[in-house]
Protein chains: 2
Amino acid sequence: MTQSKTDPRVLRTRRLIIDSFIELSAKKEFKDITVKDITTEAMINRATFYYHFEDIYDLLEKALSEVLLVNLNGDVYKYDKLNEEVFVSIFTAITNFQKSLSNRCHRGYEDTIARIIREQLEVIIYKMLVKQTTTVDKDSPKIHSIILSWGLYGASVEWKRMGMTIPPEKFIKSAIPYLLSGIELDSNN
Amino acid sequence: MTQSKTDPRVLRTRRLIIDSFIELSAKKEFKDITVKDITTEAMINRATFYYHFEDIYDLLEKALSEVLLVNLNGDVYKYDKLNEEVFVSIFTAITNFQKSLSNRCHRGYEDTIARIIREQLEVIIYKMLVKQTTTVDKDSPKIHSIILSWGLYGASVEWKRMGMTIPPEKFIKSAIPYLLSGIELDSNN
DNA sequence: TTCGATTTGTCGTTTATCCAACACTTTGAA
DNA sequence: TTCAAAGTGTTGGATAAACGACAAATCGAA
(Lines give C-alpha, C1' and ligand atoms only; values in the text may rest on other atoms or scores of the structure.)
Protein backbone atom coordinates (compact mmCIF):
# COMPACT_ATOMS: atom_id res chain seq x y z
CA MET A 1 0.00 0.00 0.00
CA THR A 2 2.40 2.65 1.17
CA GLN A 3 5.88 2.31 -0.28
CA SER A 4 6.68 -1.28 0.44
CA LYS A 5 10.23 -1.21 -0.87
CA THR A 6 12.16 1.80 0.33
CA ASP A 7 15.88 1.25 0.68
CA PRO A 8 16.56 0.11 4.26
CA ARG A 9 19.36 2.61 4.49
CA VAL A 10 16.93 5.45 3.94
CA LEU A 11 14.58 4.27 6.64
CA ARG A 12 17.45 3.74 9.04
CA THR A 13 18.97 7.16 8.43
CA ARG A 14 15.68 9.03 8.68
CA ARG A 15 14.95 7.28 11.92
CA LEU A 16 18.37 8.22 13.28
CA ILE A 17 17.87 11.84 12.33
CA ILE A 18 14.33 12.20 13.65
CA ASP A 19 15.13 10.38 16.88
CA SER A 20 18.20 12.50 17.43
CA PHE A 21 16.19 15.61 16.82
CA ILE A 22 13.56 14.60 19.35
CA GLU A 23 16.33 13.70 21.75
CA LEU A 24 17.97 17.09 21.35
CA SER A 25 14.64 18.91 21.61
CA ALA A 26 14.38 17.60 25.14
CA LYS A 27 17.66 19.27 26.02
CA LYS A 28 17.61 22.62 24.27
CA GLU A 29 15.32 24.99 22.45
CA PHE A 30 14.65 24.56 18.78
CA LYS A 31 16.43 27.78 17.88
CA ASP A 32 19.61 26.55 19.55
CA ILE A 33 19.68 23.26 17.67
CA THR A 34 21.95 23.21 14.63
CA VAL A 35 22.10 20.74 11.80
CA LYS A 36 25.56 19.83 13.00
CA ASP A 37 24.16 18.99 16.45
CA ILE A 38 21.65 16.65 14.94
CA THR A 39 24.02 14.87 12.61
CA THR A 40 26.58 14.49 15.35
CA GLU A 41 24.02 12.97 17.68
CA ALA A 42 22.79 10.72 14.87
CA MET A 43 26.33 9.84 13.87
CA ILE A 44 25.67 10.54 10.22
CA ASN A 45 27.34 12.94 7.84
CA ARG A 46 25.98 16.45 7.56
CA ALA A 47 25.62 16.12 3.81
CA THR A 48 23.40 13.12 4.36
CA PHE A 49 21.00 15.30 6.31
CA TYR A 50 20.40 17.43 3.24
CA TYR A 51 19.86 14.30 1.19
CA HIS A 52 16.73 13.67 3.26
CA PHE A 53 15.53 17.07 4.40
CA GLU A 54 15.25 20.46 2.80
CA ASP A 55 16.48 22.18 5.95
CA ILE A 56 15.92 22.09 9.68
CA TYR A 57 12.37 23.43 9.35
CA ASP A 58 11.53 20.62 7.00
CA LEU A 59 12.79 18.22 9.63
CA LEU A 60 10.75 19.95 12.33
CA GLU A 61 7.66 19.59 10.20
CA LYS A 62 8.17 15.91 9.50
CA ALA A 63 9.20 15.08 13.04
CA LEU A 64 6.14 16.81 14.45
CA SER A 65 3.88 15.06 11.98
CA GLU A 66 5.30 11.78 13.07
CA VAL A 67 4.99 12.46 16.77
CA LEU A 68 1.41 13.51 16.23
CA LEU A 69 0.63 10.40 14.23
CA VAL A 70 2.24 8.22 16.86
CA ASN A 71 -0.01 9.81 19.43
CA LEU A 72 -3.03 9.14 17.26
CA ASN A 73 -1.55 5.67 16.82
CA GLY A 74 -4.23 3.67 15.14
CA ASP A 75 -6.81 4.74 17.68
CA VAL A 76 -8.33 6.92 15.04
CA TYR A 77 -7.87 4.88 11.93
CA LYS A 78 -9.51 1.88 13.52
CA TYR A 79 -12.81 3.60 12.96
CA ASP A 80 -13.76 4.96 9.61
CA LYS A 81 -16.26 7.38 10.95
CA LEU A 82 -15.92 10.63 12.85
CA ASN A 83 -17.91 9.79 15.93
CA GLU A 84 -17.68 10.91 19.53
CA GLU A 85 -14.96 8.44 20.39
CA VAL A 86 -12.78 9.58 17.51
CA PHE A 87 -13.15 13.25 18.41
CA VAL A 88 -12.13 12.55 21.98
CA SER A 89 -9.23 10.46 20.76
CA ILE A 90 -7.98 13.18 18.45
CA PHE A 91 -8.34 15.87 21.05
CA THR A 92 -6.48 13.79 23.61
CA ALA A 93 -3.68 13.28 21.10
CA ILE A 94 -3.37 17.01 20.63
CA THR A 95 -3.35 17.75 24.33
CA ASN A 96 -0.77 15.03 24.92
CA PHE A 97 1.31 16.72 22.31
CA GLN A 98 0.83 20.11 23.94
CA LYS A 99 1.99 18.64 27.21
CA SER A 100 5.16 17.20 25.71
CA LEU A 101 5.83 20.52 24.02
CA SER A 102 5.52 22.44 27.25
CA ASN A 103 8.33 20.35 28.69
CA ARG A 104 10.50 20.76 25.68
CA CYS A 105 10.31 24.51 25.50
CA HIS A 106 10.20 25.31 21.81
CA ARG A 107 9.51 28.87 22.82
CA GLY A 108 9.36 31.24 19.88
CA TYR A 109 8.18 28.62 17.42
CA GLU A 110 4.71 27.98 18.67
CA ASP A 111 3.30 29.50 15.50
CA THR A 112 5.20 27.17 13.21
CA ILE A 113 4.34 24.20 15.35
CA ALA A 114 0.71 25.19 15.56
CA ARG A 115 0.48 25.43 11.80
CA ILE A 116 2.03 22.01 11.35
CA ILE A 117 -0.25 20.34 13.84
CA ARG A 118 -3.30 21.97 12.35
CA GLU A 119 -2.34 20.97 8.82
CA GLN A 120 -1.88 17.39 9.94
CA LEU A 121 -5.23 17.45 11.65
CA GLU A 122 -6.86 18.80 8.55
CA VAL A 123 -5.49 15.99 6.43
CA ILE A 124 -6.57 13.32 8.88
CA ILE A 125 -10.03 14.73 9.34
CA TYR A 126 -10.47 15.31 5.64
CA LYS A 127 -9.73 11.68 4.87
CA MET A 128 -12.33 10.51 7.34
CA LEU A 129 -14.93 12.96 6.14
CA VAL A 130 -14.54 11.90 2.54
CA LYS A 131 -15.19 8.31 3.53
CA GLN A 132 -18.52 9.09 5.09
CA THR A 133 -19.75 11.88 2.86
CA THR A 134 -22.70 10.96 0.73
CA THR A 135 -23.90 14.39 -0.36
CA VAL A 136 -23.11 15.68 -3.80
CA ASP A 137 -21.33 18.77 -2.49
CA LYS A 138 -17.68 17.90 -2.98
CA ASP A 139 -16.32 20.99 -1.28
CA SER A 140 -18.09 20.28 1.94
CA PRO A 141 -15.48 17.89 3.46
CA LYS A 142 -12.75 20.32 2.63
CA ILE A 143 -14.18 23.33 4.42
CA HIS A 144 -15.44 21.18 7.26
CA SER A 145 -12.04 19.69 7.87
CA ILE A 146 -10.48 23.15 7.88
CA ILE A 147 -12.95 24.46 10.43
CA LEU A 148 -12.70 21.37 12.60
CA SER A 149 -8.90 21.35 12.60
CA TRP A 150 -8.71 25.02 13.58
CA GLY A 151 -11.43 24.56 16.13
CA LEU A 152 -9.92 21.52 17.77
CA TYR A 153 -6.48 23.05 17.86
CA GLY A 154 -7.85 26.25 19.32
CA ALA A 155 -9.61 24.26 22.00
CA SER A 156 -6.32 22.64 22.92
CA VAL A 157 -4.66 26.05 23.18
CA GLU A 158 -7.35 27.15 25.58
CA TRP A 159 -6.96 23.89 27.50
CA LYS A 160 -3.26 24.66 27.79
CA ARG A 161 -3.92 28.24 28.89
CA MET A 162 -6.11 26.93 31.69
CA GLY A 163 -3.20 25.01 33.13
CA MET A 164 -3.52 21.65 31.38
CA THR A 165 -5.22 20.25 34.46
CA ILE A 166 -8.70 19.40 33.20
CA PRO A 167 -8.94 15.90 31.71
CA PRO A 168 -9.02 16.43 27.93
CA GLU A 169 -12.02 14.15 27.44
CA LYS A 170 -13.97 16.19 29.96
CA PHE A 171 -12.87 19.45 28.42
CA ILE A 172 -14.01 18.58 24.91
CA LYS A 173 -17.11 16.70 25.94
CA SER A 174 -19.49 19.63 25.94
CA ALA A 175 -18.52 20.53 22.38
CA ILE A 176 -19.04 17.07 20.96
CA PRO A 177 -22.76 17.34 20.18
CA TYR A 178 -22.15 20.53 18.25
CA LEU A 179 -19.22 19.04 16.33
CA LEU A 180 -21.23 15.95 15.45
CA SER A 181 -24.34 17.77 14.35
CA GLY A 182 -22.49 19.48 11.54
CA ILE A 183 -20.90 16.25 10.40
CA GLU A 184 -24.22 14.48 10.16
CA LEU A 185 -25.35 16.86 7.48
CA ASP A 186 -22.80 15.26 5.20
CA SER A 187 -23.81 11.69 5.75
CA ASN A 188 -27.06 9.81 5.68
CA ASN A 189 -26.52 7.40 8.56
CA MET B 1 46.09 4.89 18.48
CA THR B 2 43.64 2.21 17.48
CA GLN B 3 42.02 3.06 14.14
CA SER B 4 41.07 6.67 14.61
CA LYS B 5 39.16 7.12 11.36
CA THR B 6 37.06 4.13 10.44
CA ASP B 7 34.13 4.84 8.17
CA PRO B 8 31.08 5.53 10.38
CA ARG B 9 29.06 3.20 8.22
CA VAL B 10 31.14 0.19 9.16
CA LEU B 11 31.04 1.01 12.85
CA ARG B 12 27.28 1.38 12.64
CA THR B 13 26.78 -1.84 10.71
CA ARG B 14 29.09 -3.89 12.93
CA ARG B 15 27.26 -2.61 15.97
CA LEU B 16 23.92 -3.59 14.46
CA ILE B 17 25.18 -7.06 13.65
CA ILE B 18 26.83 -7.73 17.00
CA ASP B 19 23.91 -6.35 18.97
CA SER B 20 21.45 -8.40 16.96
CA PHE B 21 23.54 -11.48 17.52
CA ILE B 22 23.63 -10.93 21.28
CA GLU B 23 19.91 -10.28 21.18
CA LEU B 24 19.24 -13.52 19.32
CA SER B 25 21.59 -15.47 21.57
CA ALA B 26 19.29 -14.69 24.43
CA LYS B 27 16.42 -16.35 22.57
CA LYS B 28 17.91 -19.42 20.93
CA GLU B 29 20.97 -21.58 20.94
CA PHE B 30 23.93 -20.67 18.83
CA LYS B 31 23.52 -23.66 16.55
CA ASP B 32 19.99 -22.57 15.67
CA ILE B 33 21.00 -19.06 14.69
CA THR B 34 21.45 -18.49 10.96
CA VAL B 35 23.10 -15.62 9.19
CA LYS B 36 19.71 -14.74 7.79
CA ASP B 37 18.29 -14.49 11.30
CA ILE B 38 20.98 -12.05 12.29
CA THR B 39 20.74 -9.85 9.23
CA THR B 40 16.96 -9.77 9.46
CA GLU B 41 17.11 -8.71 13.09
CA ALA B 42 19.76 -6.13 12.25
CA MET B 43 17.82 -4.98 9.19
CA ILE B 44 20.87 -5.17 6.97
CA ASN B 45 21.48 -7.11 3.79
CA ARG B 46 22.86 -10.60 4.07
CA ALA B 47 25.71 -9.80 1.71
CA THR B 48 26.75 -6.99 4.01
CA PHE B 49 27.29 -9.52 6.78
CA TYR B 50 29.97 -11.22 4.74
CA TYR B 51 31.58 -7.88 4.07
CA HIS B 52 32.36 -7.65 7.78
CA PHE B 53 32.66 -11.20 8.99
CA GLU B 54 34.22 -14.35 7.60
CA ASP B 55 31.29 -16.43 8.77
CA ILE B 56 29.12 -16.90 11.82
CA TYR B 57 31.99 -18.29 13.89
CA ASP B 58 34.02 -15.22 13.15
CA LEU B 59 31.14 -13.17 14.45
CA LEU B 60 30.88 -15.32 17.57
CA GLU B 61 34.54 -14.77 18.23
CA LYS B 62 34.41 -11.01 17.84
CA ALA B 63 31.16 -10.63 19.74
CA LEU B 64 32.52 -12.61 22.66
CA SER B 65 35.72 -10.61 22.68
CA GLU B 66 33.72 -7.46 22.87
CA VAL B 67 31.44 -8.64 25.64
CA LEU B 68 34.46 -9.68 27.62
CA LEU B 69 36.16 -6.35 27.08
CA VAL B 70 33.03 -4.50 28.09
CA ASN B 71 32.98 -6.46 31.29
CA LEU B 72 36.60 -5.58 31.91
CA ASN B 73 35.54 -2.06 30.99
CA GLY B 74 38.46 0.16 31.90
CA ASP B 75 38.63 -1.31 35.37
CA VAL B 76 41.74 -3.12 34.31
CA TYR B 77 43.36 -0.63 32.01
CA LYS B 78 43.20 2.08 34.63
CA TYR B 79 46.15 0.43 36.33
CA ASP B 80 49.25 -0.44 34.44
CA LYS B 81 50.35 -3.12 36.82
CA LEU B 82 49.06 -6.59 37.54
CA ASN B 83 48.32 -6.27 41.22
CA GLU B 84 45.78 -7.92 43.48
CA GLU B 85 43.03 -5.54 42.49
CA VAL B 86 43.50 -6.20 38.80
CA PHE B 87 43.48 -9.95 39.25
CA VAL B 88 40.24 -9.78 41.18
CA SER B 89 38.79 -7.48 38.56
CA ILE B 90 39.70 -9.79 35.72
CA PHE B 91 38.41 -12.84 37.48
CA THR B 92 35.15 -11.13 38.27
CA ALA B 93 34.78 -10.19 34.62
CA ILE B 94 35.20 -13.81 33.61
CA THR B 95 32.72 -15.08 36.14
CA ASN B 96 30.21 -12.42 35.11
CA PHE B 97 30.63 -13.66 31.60
CA GLN B 98 30.17 -17.26 32.69
CA LYS B 99 26.96 -16.26 34.40
CA SER B 100 25.56 -14.55 31.31
CA LEU B 101 26.53 -17.58 29.24
CA SER B 102 24.68 -19.95 31.51
CA ASN B 103 21.51 -18.01 30.83
CA ARG B 104 22.04 -17.92 27.13
CA CYS B 105 22.58 -21.63 26.62
CA HIS B 106 25.30 -21.89 24.03
CA ARG B 107 25.35 -25.60 24.71
CA GLY B 108 27.74 -27.48 22.50
CA TYR B 109 30.03 -24.56 21.88
CA GLU B 110 31.64 -24.23 25.27
CA ASP B 111 34.97 -25.28 23.81
CA THR B 112 35.00 -22.61 21.17
CA ILE B 113 33.88 -20.02 23.65
CA ALA B 114 36.46 -21.12 26.20
CA ARG B 115 39.21 -20.79 23.66
CA ILE B 116 38.11 -17.29 22.67
CA ILE B 117 37.91 -16.07 26.23
CA ARG B 118 41.27 -17.52 27.06
CA GLU B 119 42.92 -15.98 24.01
CA GLN B 120 41.53 -12.59 24.93
CA LEU B 121 42.78 -12.98 28.47
CA GLU B 122 46.19 -13.89 27.21
CA VAL B 123 46.42 -10.76 25.08
CA ILE B 124 45.29 -8.51 27.90
CA ILE B 125 47.61 -10.03 30.46
CA TYR B 126 50.51 -10.06 28.05
CA LYS B 127 50.19 -6.34 27.43
CA MET B 128 50.26 -5.59 31.12
CA LEU B 129 53.17 -7.89 31.78
CA VAL B 130 55.28 -6.31 29.07
CA LYS B 131 54.76 -2.91 30.64
CA GLN B 132 56.18 -3.96 33.97
CA THR B 133 58.82 -6.41 32.88
CA THR B 134 62.36 -5.23 33.51
CA THR B 135 64.26 -8.48 33.14
CA VAL B 136 66.16 -9.25 29.97
CA ASP B 137 64.25 -12.44 29.33
CA LYS B 138 61.85 -11.46 26.56
CA ASP B 139 60.00 -14.75 26.49
CA SER B 140 58.99 -14.55 30.10
CA PRO B 141 55.84 -12.37 29.65
CA LYS B 142 54.65 -14.62 26.87
CA ILE B 143 54.73 -17.88 28.78
CA HIS B 144 53.51 -16.21 31.93
CA SER B 145 50.48 -14.75 30.20
CA ILE B 146 49.68 -18.14 28.72
CA ILE B 147 49.82 -19.86 32.06
CA LEU B 148 47.86 -17.12 33.81
CA SER B 149 45.12 -17.03 31.20
CA TRP B 150 44.64 -20.79 31.32
CA GLY B 151 44.82 -20.76 35.08
CA LEU B 152 42.31 -17.99 35.57
CA TYR B 153 39.89 -19.42 33.07
CA GLY B 154 40.20 -22.85 34.69
CA ALA B 155 39.42 -21.31 38.04
CA SER B 156 36.26 -19.77 36.60
CA VAL B 157 35.19 -23.15 35.24
CA GLU B 158 35.59 -24.64 38.67
CA TRP B 159 33.72 -21.70 40.16
CA LYS B 160 30.91 -22.41 37.71
CA ARG B 161 30.96 -26.13 38.52
CA MET B 162 30.51 -25.30 42.18
CA GLY B 163 27.25 -23.57 41.44
CA MET B 164 28.38 -19.98 40.83
CA THR B 165 27.37 -19.09 44.37
CA ILE B 166 30.67 -18.14 45.98
CA PRO B 167 31.57 -14.46 45.51
CA PRO B 168 34.26 -14.43 42.80
CA GLU B 169 36.56 -12.15 44.79
CA LYS B 170 36.43 -14.58 47.69
CA PHE B 171 36.97 -17.56 45.44
CA ILE B 172 40.11 -16.21 43.81
CA LYS B 173 41.48 -14.56 46.93
CA SER B 174 43.45 -17.50 48.21
CA ALA B 175 45.27 -17.84 44.92
CA ILE B 176 46.32 -14.22 44.68
CA PRO B 177 49.56 -14.45 46.68
CA TYR B 178 50.73 -17.28 44.49
CA LEU B 179 49.81 -15.47 41.28
CA LEU B 180 51.60 -12.33 42.40
CA SER B 181 54.76 -14.02 43.56
CA GLY B 182 55.49 -15.26 40.08
CA ILE B 183 54.85 -11.86 38.56
CA GLU B 184 57.24 -10.14 40.87
CA LEU B 185 60.13 -12.12 39.48
CA ASP B 186 59.71 -10.13 36.27
CA SER B 187 59.76 -6.70 37.79
CA ASN B 188 62.00 -4.86 40.17
CA ASN B 189 59.46 -2.87 42.13
C1' DT C 1 19.36 -43.41 0.10
C1' DT C 2 16.93 -39.63 -2.47
C1' DC C 3 14.97 -35.35 -3.22
C1' DG C 4 13.21 -30.79 -2.11
C1' DA C 5 14.04 -27.02 0.81
C1' DT C 6 17.01 -24.17 3.34
C1' DT C 7 21.35 -22.13 4.13
C1' DT C 8 25.82 -20.57 2.72
C1' DG C 9 29.22 -17.83 0.39
C1' DT C 10 30.17 -15.03 -3.71
C1' DC C 11 29.61 -11.67 -7.49
C1' DG C 12 28.28 -7.46 -10.41
C1' DT C 13 25.57 -3.62 -10.45
C1' DT C 14 23.11 0.20 -8.38
C1' DT C 15 22.39 3.41 -4.75
C1' DA C 16 23.01 5.77 -0.21
C1' DT C 17 26.34 7.59 2.68
C1' DC C 18 30.81 9.63 3.61
C1' DC C 19 34.13 13.21 3.15
C1' DA C 20 36.52 17.35 2.11
C1' DA C 21 36.04 21.45 0.13
C1' DC C 22 33.54 25.44 -1.26
C1' DA C 23 31.10 30.15 -1.14
C1' DC C 24 27.79 32.24 1.43
C1' DT C 25 25.20 33.84 5.68
C1' DT C 26 24.60 34.49 10.57
C1' DT C 27 26.34 35.35 15.01
C1' DG C 28 28.54 37.52 18.75
C1' DA C 29 32.12 39.85 20.94
C1' DA C 30 35.67 43.61 20.61
C1' DT D 1 30.88 48.86 13.01
C1' DT D 2 34.19 45.22 12.20
C1' DC D 3 35.96 40.87 12.08
C1' DA D 4 36.63 36.10 13.30
C1' DA D 5 34.07 32.05 14.31
C1' DA D 6 30.34 29.14 13.53
C1' DG D 7 26.56 27.56 10.69
C1' DT D 8 24.36 26.74 6.06
C1' DG D 9 23.63 24.54 1.87
C1' DT D 10 25.93 22.38 -2.24
C1' DT D 11 29.16 19.74 -5.02
C1' DG D 12 32.17 15.70 -6.95
C1' DG D 13 34.56 11.69 -6.11
C1' DA D 14 35.23 7.54 -3.12
C1' DT D 15 33.26 3.73 -0.73
C1' DA D 16 29.96 0.88 2.02
C1' DA D 17 25.54 -1.19 1.72
C1' DA D 18 21.55 -3.00 -0.91
C1' DC D 19 19.84 -6.16 -4.17
C1' DG D 20 19.11 -10.14 -7.02
C1' DA D 21 21.07 -14.02 -8.71
C1' DC D 22 23.92 -17.94 -8.52
C1' DA D 23 26.23 -22.61 -7.47
C1' DA D 24 27.41 -25.33 -3.79
C1' DA D 25 26.72 -27.21 0.76
C1' DT D 26 23.68 -28.82 4.44
C1' DC D 27 19.48 -30.40 6.37
C1' DG D 28 15.31 -33.29 7.03
C1' DA D 29 11.82 -36.04 5.95
C1' DA D 30 10.02 -39.66 2.78
Side-chain angles (χ1 to χ4, degrees), chain A residues 2-25 27-64 66 105-109 111-112, chain B residues 2-25 27-64 66 105-109 111-112:
Chain A
T2 50
Q3 357 82 296
S4 51
K5 43 190 173 187
T6 319
D7 193 312
R9 289 173 288 184
V10 172
L11 299 175
R12 195 179 305 150
T13 302
R14 291 208 178 127
R15 183 107 314 280
L16 280 171
I17 293 175
I18 292 182
D19 287 348
S20 301
F21 176 62
I22 292 175
E23 189 68 28
L24 282 175
S25 300
K27 296 180 195 157
K28 27 175 157 174
E29 301 186 33
F30 176 73
K31 71 174 171 52
D32 293 331
I33 298 176
T34 71
V35 173
K36 181 79 188 120
D37 291 337
I38 296 167
T39 56
T40 302
E41 171 91 14
M43 290 189 296
I44 57 132
N45 194 275
R46 203 165 57 86
T48 307
F49 175 92
Y50 292 101
Y51 184 89
H52 294 280
F53 301 96
E54 190 87 7
D55 52 28
I56 206 172
Y57 298 97
D58 184 31
L59 168 61
L60 172 65
E61 200 154 326
K62 287 170 177 164
L64 283 186
E66 189 186 281
C105 43
H106 282 282
R107 287 183 256 291
Y109 285 87
D111 292 348
T112 308
Chain B
T2 48
Q3 357 81 294
S4 50
K5 44 190 173 187
T6 319
D7 193 313
R9 288 173 287 184
V10 319
L11 297 176
R12 196 180 304 149
T13 302
R14 291 205 180 131
R15 182 109 312 283
L16 281 171
I17 293 176
I18 291 182
D19 287 349
S20 301
F21 176 62
I22 291 175
E23 190 68 27
L24 282 175
S25 300
K27 296 179 194 155
K28 28 174 157 174
E29 301 187 34
F30 176 73
K31 71 174 170 50
D32 293 331
I33 299 176
T34 71
V35 174
K36 183 81 188 118
D37 290 338
I38 297 167
T39 56
T40 301
E41 171 90 15
M43 289 188 297
I44 59 134
N45 194 275
R46 202 166 56 85
T48 306
F49 175 92
Y50 293 100
Y51 184 89
H52 294 281
F53 301 96
E54 190 85 9
D55 52 28
I56 206 172
Y57 298 97
D58 185 32
L59 168 61
L60 171 64
E61 198 155 326
K62 287 170 177 163
L64 284 187
E66 188 186 281
C105 43
H106 281 281
R107 287 184 256 291
Y109 285 86
D111 292 346
T112 307

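As the structure is a prediction and not an experimental result, all values here were calculated from the model. When reading the values below, keep in mind they use all heavy atoms of this one structure, side chains included, and skip hydrogens, waters and symmetry mates. Numbered from 1 within each chain, the chains take letters A, B, ... in sequence-line order.
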Asker: In whole Å, I'd like the distance from the CD atom of E54(A) to the C1' atom of dG9(D).
Answerer: 10 Å

Asker: From the options dT7(C), dC19(C), dC19(D), select the nucleotide whose nearest atom is closest to the side chain of A47(A).
Answerer: dC19(C)

Asker: Using a cut-off of less than 4.0 Å, is there contact between a side-chain N or O of R12(A) and OP1 or OP2 of dA18(D)?
Answerer: yes

Asker: Can you tell me which nucleotide in dT8(D), dC19(C), dT8(C) comes closest to the side chain of V35(B)?
Answerer: dT8(C)

Asker: Does dA16(D) have OP1 or OP2 sitting under 4.0 Å from an N or O in the side chain of H52(B)?
Answerer: no

Asker: Is the shortest side-chain N/O distance from Y51(B) to OP1 or OP2 of dA17(D) below 4.0 Å?
Answerer: no

Asker: Determine, for K62(A) against E54(A), whether the closest basic-nitrogen to carboxylate-oxygen distance falls under 4.0 angstrom.
Answerer: no

Asker: If you only use heavy atoms from C-beta on, which nucleotide in dT15(C), dG7(D), dA21(C) is closest to the side chain of D7(A)?
Answerer: dT15(C)

Asker: Can you tell me which nucleotide in dT7(C), dC19(D), dT11(D) comes closest to the side chain of P8(A)?
Answerer: dC19(D)

Asker: Is there, by distance only and without an angle test, a donor paired with an acceptor across the side chain of R9(A) and the base of dA17(D) below 3.5 Å?
Answerer: yes

Asker: Whole angstrom is fine here: how far is it from CD1 in I33(A) over to P in dA6(D)?
Answerer: 19 Å

Asker: Please say which of Y57(A), Y51(A), Y50(A), F49(A) ends up in a ring-ring contact (aromatic ring centres under 6.0 Å, His included) with F53(A).
Answerer: F49(A)

Asker: Check this one for me: any side-chain N or O of Y50(A) less than 4.0 Å away from OP1 or OP2 of dT10(D)?
Answerer: no

Asker: Do we see a donor-acceptor contact under 3.5 Å between the side chains of D37(A) and T40(A)?
Answerer: no

Asker: Counting heavy atoms from C-beta on, name the nucleotide in dA17(D), dA18(D), dT17(C) closest to the side chain of T13(A).
Answerer: dT17(C)

